[in-house]
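Every heavy atom of this structure was used, including side-chain atoms; hydrogens, water molecules and symmetry mates were not. Residue numbers start from 1 in every chain, and the chains themselves are labelled A, B, ... in the order their sequence lines are given, proteins ahead of strands.
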2 protein chains.
Amino acid sequence: MDQLSATFAALADPTRRAILARLTEGPATVKELSEPFDISGPAISKHLRVLEKAGLITRGREAQWRPCRLDATPLKEVAVWAENYRRFWDASYARLDALLTEMKETEQ
Amino acid sequence: MDQLSATFAALADPTRRAILARLTEGPATVKELSEPFDISGPAISKHLRVLEKAGLITRGREAQWRPCRLDATPLKEVAVWAENYRRFWDASYARLDALLTEMKETEQ
DNA sequence: CGGTTAGATAACCAAGCGGTTAGGTACAAG
DNA sequence: CTTGTACCTAACCGCTTGGTTATCTAACCG
């Protein structure tokens, strides 16, 4: 699986996006991250592994804690990818695109 | 499944992203879209259904063809979502963040 | 009419996902 | 040393996913 696919797949789960949102406020332990959700610890562990493999978080070791820290660099690739489609959602460009399509059709 | 999750899930597949890229050049039939890939027609149909449910394409009817057209509006939400993390991948902000973390730690 | 083409649907399969419970490891505190 | 806490791994379960082949509909073409 390529990097971009892994990133999109990781972001497809609301729990994982909530974890990322929490990590914008600073590093957190697994316990802290699991508190907002009523799912088991192993389920959180799996989510964190997905995020780690996607390069969206890094994990340290401090005694019995495994603090998680946000690494947003893959999100830059997401933003860049999405920006390539800006002209297709931007209204003025959409009108221009429709005009060009119409011109192309009538010229044949 | 919420809209954003559906969009991310749809984008997690390279074949579907390639289909979207092709549609930036204009509408295309199912056959045209399937040509670059050596997977069966039904597999393409499934990908198109995923994209359609995510609101990323719309489909028309012209005789025996079902032309697909790009609808990039969900990608705007993706871009907006990712932009909220810009300060975490931007180098200068990263350095500022590290500085603030250091200050917070030493003040205790 | 018969044949061809575009495309969808159905049924199936292997693999992956999101969740669980049970049990194991590592460390700190009493 | 014992107990409790933080976290992980393993095994399992139901559902989804990405693919297949086979079959069906709908439209055009001769």
Side-chain angles (χ1 to χ4, degrees), chain A residues 1-23 26-70 74, chain B residues 1-23 26-71 74 108:
Chain A
M1 180 138 75
D2 59 298
Q3 176 58 48
L4 196 52
S5 295
T7 306
F8 279 130
L11 297 179
D13 188 285
T15 302
R16 288 195 288 264
R17 290 200 306 278
I19 289 174
L20 292 182
R22 163 63 184 82
L23 289 177
T29 67
V30 176
K31 191 72 186 307
E32 287 167 345
L33 290 175
S34 74
E35 248 134 37
F37 314 101
D38 59 344
I39 61 179
S40 65
I44 297 288
S45 275
K46 285 190 180 182
H47 283 308
L48 294 178
R49 196 163 59 223
V50 172
L51 290 170
E52 192 177 18
K53 283 194 175 179
L56 286 162
I57 64 170
T58 57
R59 319 189 63 177
R61 293 170 192 261
E62 289 178 20
Q64 67 268 56
W65 296 283
R66 305 288 311 275
C68 298
R69 183 178 295 267
L70 178 65
Chain B
M1 182 137 75
D2 59 299
Q3 175 60 45
L4 196 52
S5 296
T7 306
F8 279 130
L11 298 178
D13 189 286
T15 302
R16 288 194 290 262
R17 290 200 306 277
I19 289 174
L20 292 182
R22 162 63 185 81
L23 290 177
T29 68
V30 176
K31 191 76 187 307
E32 288 167 344
L33 290 175
S34 73
E35 249 134 37
F37 315 101
D38 60 343
I39 61 179
S40 65
I44 296 289
S45 275
K46 285 189 180 186
H47 283 307
L48 293 179
R49 198 162 60 221
V50 171
L51 289 170
E52 192 176 18
K53 283 194 176 181
L56 286 162
I57 64 171
T58 58
R59 319 190 62 179
R61 291 169 194 263
E62 288 179 22
Q64 67 269 54
W65 297 282
R66 306 289 310 276
C68 298
R69 183 179 294 268
L70 178 65
D71 182 354
Q108 289 171 10

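- Side-chain nitrogen and oxygen atoms of B/Ser40 include none within less than 4.0 Å of the OP1 or OP2 phosphate oxygen of D/dG19.
- The minimum heavy-atom distance linking A/Leu23 with A/Cys68 is given by the pair CD2-O, 3.5 Å.
- Contact record, B/Ala12 with A/Phe8: CA-CB, 3.6 Å, taken as the closest heavy-atom pair.
- Looking at A/Arg16, its side chain never comes within 3.5 Å of a backbone N or O of A/Leu11 through a donor-acceptor pair.
- Taking atom NZ of A/Lys53 as the reference point, atom C1' of C/dG18 lies 15 Å away to the nearest angstrom.
- Straight-line distance from the CZ atom of B/Phe8 to the P atom of C/dC17: 17 Å, rounded to whole Å.
- Atom pair B/Ile39:CD1 and C/dA8:C1' shows a separation of 15 Å (rounding to whole Å applied).
- Look at D/dG30: its Watson-Crick or wobble partner, with both distances under 3.5 angstrom, is C/dC1.
- Computed from coordinates, the A/Glu62 CD to C/dA26 P distance equals 18 Å when rounded to whole Å.
- In terms of modelled atom types and a separation under 3.5 Å, the side chain of B/Gln3 and the main chain of B/Ala54 share a donor-acceptor contact.
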* To do: In sequence, state the C-alpha distance, the side-chain angles, and the governing distance for B/Arg17 and A/Asp2, and then conclude on salt bridge (Lys or Arg N to Asp or Glu O under 4.0 Å).
  => CA-CA 12 Å; B/Arg17 290 200 306 277; A/Asp2 59 298; 3.1 Å; yes
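- Here the side chain of B/Arg61 pairs no donor or acceptor atom with the backbone of B/Arg66 at under 3.5 angstrom.
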* Asked: How does protein contact run along nucleotides 2-18 of chain D, one letter per nucleotide 5' to 3', with B for base contact, S for sugar-phosphate only, - for none, heavy atoms under 4.0 Å?
  -> ----SSSB-B------B
